[in-house]
Amino acid sequence: FPEWSNSTVLKVSALPSTDVQLHFSESFGRPGDLATVNLTVTSGIPIGGLEFTVLPELQFSESNAPLTPGPQPVVLEGIINDLENEGVSVFHSTDPSTAITTIIVVSINGSNIGPGDPQVLELVYRIDEQIAPAARIHIQVNDVLVSSTEATVLTHSTFPGFIHPDSYR
């Protein structure tokens, strides 16, 4: 047997990651119906708040190319707060001239989001009745700010959502 008495053992601990991931889901629906895009936040540490903007952009599913401007492919009907019972509030405002919605997720009473991968909210969109059959809607996510419970900015990755209006799942 080798001599282990002079060996040094290093203990490696898993440290929580400060990288936060925002995952927006895919959704399916018929023209004229509602489609829900869920936001799940994955983090190894508690999050104090989120701020971001969303903008639906119509694309052809084959090329992912944006279509020419026209009527909005979807209209935000509302937001469901999945963490309301845990003291988290969601505020939003949509600029009617640009269809950009600013969303703020914060706790006023000192609670937080996570750690883990909780579903935070659901964006409820109404799909335009005249949408092209080969289209999909890309939910662009921009201007993202994620803060810790100590109000420091956290690094993040964002995975945008999609709505498929021609799929009947």
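Computed from heavy atoms alone, side chains included, the values below leave out hydrogens, waters and symmetry copies. Just so it is clear, the structure is predicted and the values come from calculations on it, not from any experiment.
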Would you say [X] and [Y] make side-chain contact, with heavy atoms under 4.5 Å?
X    : Y    : answer
Y125 : I163 : yes
L154 : I45  : yes
I103 : L121 : yes
T53  : V141 : no

Checklist entry - Taking it one step at a time, do I127 and R30 satisfy side-chain contact (heavy atoms from CB on, under 4.5 Å)? => result CA-CA 7 Å; I127 302 171; R30 296 179 179 169; over 6 Å; no
Checklist entry - Taking it one step at a time, do F91 and V106 satisfy side-chain contact (heavy atoms from CB on, under 4.5 Å)? => result CA-CA 8 Å; F91 304 96; V106 68; 3.9 Å; yes
With rounding to the nearest 0.5 angstrom, report the [atom1] to [atom2] distance, [X] to [Y].
X    : Y    : atom1 : atom2 : value
I79  : T101 : CD1   : OG1   : 6.5 Å
S157 : F159 : OG    : CZ    : 5.0 Å
E57  : H138 : CD    : NE2   : 7.0 Å
L55  : I137 : CG    : CD1   : 11.5 Å
E26  : R136 : CD    : CZ    : 7.5 Å
D19  : T155 : CG    : OG1   : 4.0 Å

Hey, is the main chain of [Y] close enough, under 3.5 Å, to the side chain of [X] for a donor-acceptor pair?
X    : Y   : answer
N38  : T40 : no
S107 : G87 : yes
T94  : P96 : no
S27  : T36 : yes
N81  : V88 : yes

Applying the 4.5 Å side-chain criterion to the ILVMFWY set and letting contacts propagate, would [X] and [Y] be lumped into a single cluster?
X    : Y    : answer
L39  : L76  : yes
L34  : I80  : yes
F24  : V144 : yes
I104 : I108 : yes

Checklist entry - Taking everything shown except N85 itself, do over 12 heavy atoms lie less than 6.0 Å from its CG? => result no
Checklist entry - Are V41 and V20 close enough, and set up right, to give a side-chain contact (heavy atoms from CB on, under 4.5 Å), and what steps lead you there? => result CA-CA 7 Å; V41 175; V20 177; 3.6 Å; yes
Give me the atom names and distance for the closest heavy-atom approach of [X] to [Y].
X    : Y    : result
E51  : T102 : OE2-CG2, 4.1 Å
I113 : P118 : CG2-CG, 3.9 Å
P56  : V74  : CB-CG2, 3.4 Å
A135 : P165 : O-CD, 3.5 Å

Checklist entry - Can we call the ring centroids of F162 and F28 under 6.0 Å apart? => result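 Centroid distance F162-F28: not below 6.0 Å, so no.
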Checklist entry - Could you walk me through whether H156 and Q21 pass the side-chain hydrogen bond (donor to acceptor under 3.5 Å, both in side chains) check? => result CA-CA 6 Å; H156 66 277; Q21 296 179 349; over 6 Å; no
Checklist entry - Which is it for I131 and L58 under the side-chain contact (heavy atoms from CB on, under 4.5 Å) test, yes or no, and what are the steps along the way? => result CA-CA 9 Å; I131 196 160; L58 189 59; 3.6 Å; yes
Checklist entry - What residue pairs, at least two apart or across chains, pass salt bridge (Lys or Arg N to Asp or Glu O under 4.0 Å) with a residue in residues 73-97? => result E77-R126
